[in-house]
Amino acid sequence: MTSTDILFKPFETPNLTLKNRVVMAPMTRNMCPDNVPGEHVVDYYRKRAEGGVGLIITEGTHPEVNAVEGYLNVPFFHGAALDGWARVVEAVHQAGGKIAPQLWHCGGMRGSGDLKVGEGESLGHTPSGMNVPGKKNRHAMTDSEVQDAIDAFVQGVAAAKAIGFDAVELHGAHGYLLDQFFWDGTNIREDQWGGNMAHRGQFVAEIVRASRKAVGADFPIILRYSQWKQQDFTARLAESPDELEAFLTPLVDAGVDLFHCSQRRFWESEFEGSDLNLAGWTKKLTGVPTITVGSISLDKDFIPEPGEGFFSGGDIASIDKLLESLERGEFDLAAVGRALIANPDWANKVQKGGVSTLAPYEKEMLMKLV
Ligand SMILES: Cc1cc2nc3c(=O)[nH]c(=O)nc-3n(C[C@H](O)[C@H](O)[C@H](O)COP(=O)(O)O)c2cc1C
């Protein structure tokens, strides 16, 4: 068995210091009926901090803007919800952890998720009226709506800093609003927010630039992105390292501190001719630290093939390949999702006894927040 020591080495950058390399992946739990994180949510995150996670990224949480929601019982990131989040932050800090909220706009997934949009309610907001390429059945955002969304994200970033979070993550992955701006299949705008790869990144780059003005140079901004979309697992933003560099450079220039590179299986290489995964390529091309994610310590990914349902179960699997890539410095941090639902003390267990001490994850575990 490969030593797990590398996972427990501190991570140190000018803006962010973590006690180890273990990150809790953002996971929506739909357990906030009034959109306010209650004491059960405080306990849930406290347990993961006590269990040794270095950085918790919260479930997706909505900034304040029209048509932002797509699912039921998701926490907001404004108003009364901020008091609940402040209690979460306090509990995680008391337990020795660090935490970032994930700011999330569902975009065109509104109406495809479990929040059905009825008559009179606003359709999902998208760059060009599409949730999937070629099908115009959503609302195409006007200039002022684009600006409203940018402003809402900036307010969210500022609120995160104000209530004591250690960083913030922007959800730019999986086919939601930010990713719909990135993707040429759903962004055919002809204004400043559309066009080539670099231009399609300008909506997010502007959120980052404006956030930087609001919170200064020191507050860490993490951007999560993915090649795959839940609308199309085979979709890709970049087909080559050159294209990926063209996509990432403006985002780095805008001020992203850390990229969270979402794959369903972390061990898969991104481009032919190299073993590097998406986090590996992102770090190599930008020099910016990266987080990898996807089936860490589990043998099945969270969205298997179409028709198999979401968030499926998985048995324990080796993390040797992860440890080797971390040793080589291909990426910096490792985000664990479902295995942390099954094992709140994932980090402590792995440090003491390795992955064989972990409990497998079962989908039924999502029914309760424990
Ligand atoms: C129940 C559940 C909810 C999720 N919600 C989110 C979310 O709110 N935001 C996000 O970016 N990813 C979300 N994901 C994806 C995870 O962050 C992660 O990328 C994925 O589960 C792969 O990691 P794993 O194989 O370790 O579970 C969710 C996954 C699960 C299982």
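Remember, it's 1-based here, ligands and their atoms both numbered in the order they're listed. Starting from 1, each residue takes its place in the sequence as its number. The analysis underlying the following values was restricted to heavy atoms, covering all of them including side chains, and did not include hydrogens, waters or symmetry mates.
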Consider only side-chain N and O atoms of [X] and [Y], and report whether a donor and an acceptor are under 3.5 Å apart.
X      : Y      : value
Ser112 : Arg138 : yes
His171 : Asp179 : no
Glu270 : Gln227 : yes

Identity and separation of the nearest protein heavy atom to atom 31 (C) of ligand 1: Phe311 CD2, 3.3 Å
Lys321 with Asp275: basic N within carboxylate O range, under 4.0 Å: no
Salt bridge present between Lys300 and Asp315 (N-O < 4.0 angstrom): no
Qualifying residue for ring-ring contact (aromatic ring centres under 6.0 Å, His included) with Tyr225, from Phe247, Phe182, Trp183: Phe247
Using a 4.0 Å heavy-atom cut-off, say whether [X] meets ligand 1 through its side chain, its backbone, both or neither.
X      : result
Arg29  : neither
Arg264 : neither
Ile341 : neither

Which of the ligand 1 atoms, numbered from 1, are nearer than 4.0 Å to a heavy atom of Ala25: 17 (O)
Atoms of ligand 1 close to Met27 [distance to a heavy atom under 4.0 angstrom, numbered from 1]: 2 (C), 3 (C), 4 (C), 5 (N), 6 (C), 28 (C), 29 (C), 30 (C)
Contact with ligand 1 for Leu298, non-hydrogen, under 4.0 angstrom: no
Show me the side-chain donor-acceptor pairs of residues 69-82 shorter than 3.5 Å, one per line, residues at least two apart or across chains.
from  : atom 1 : to     : atom 2 : distance (Å)
Tyr71 : OH     : Tyr176 : OH     : 2.9

Distance-only N or O hit between ligand 1 and Glu59, under 3.5 Å: no
Within-cut-off N or O pair, His171 and ligand 1, under 3.5 Å: yes
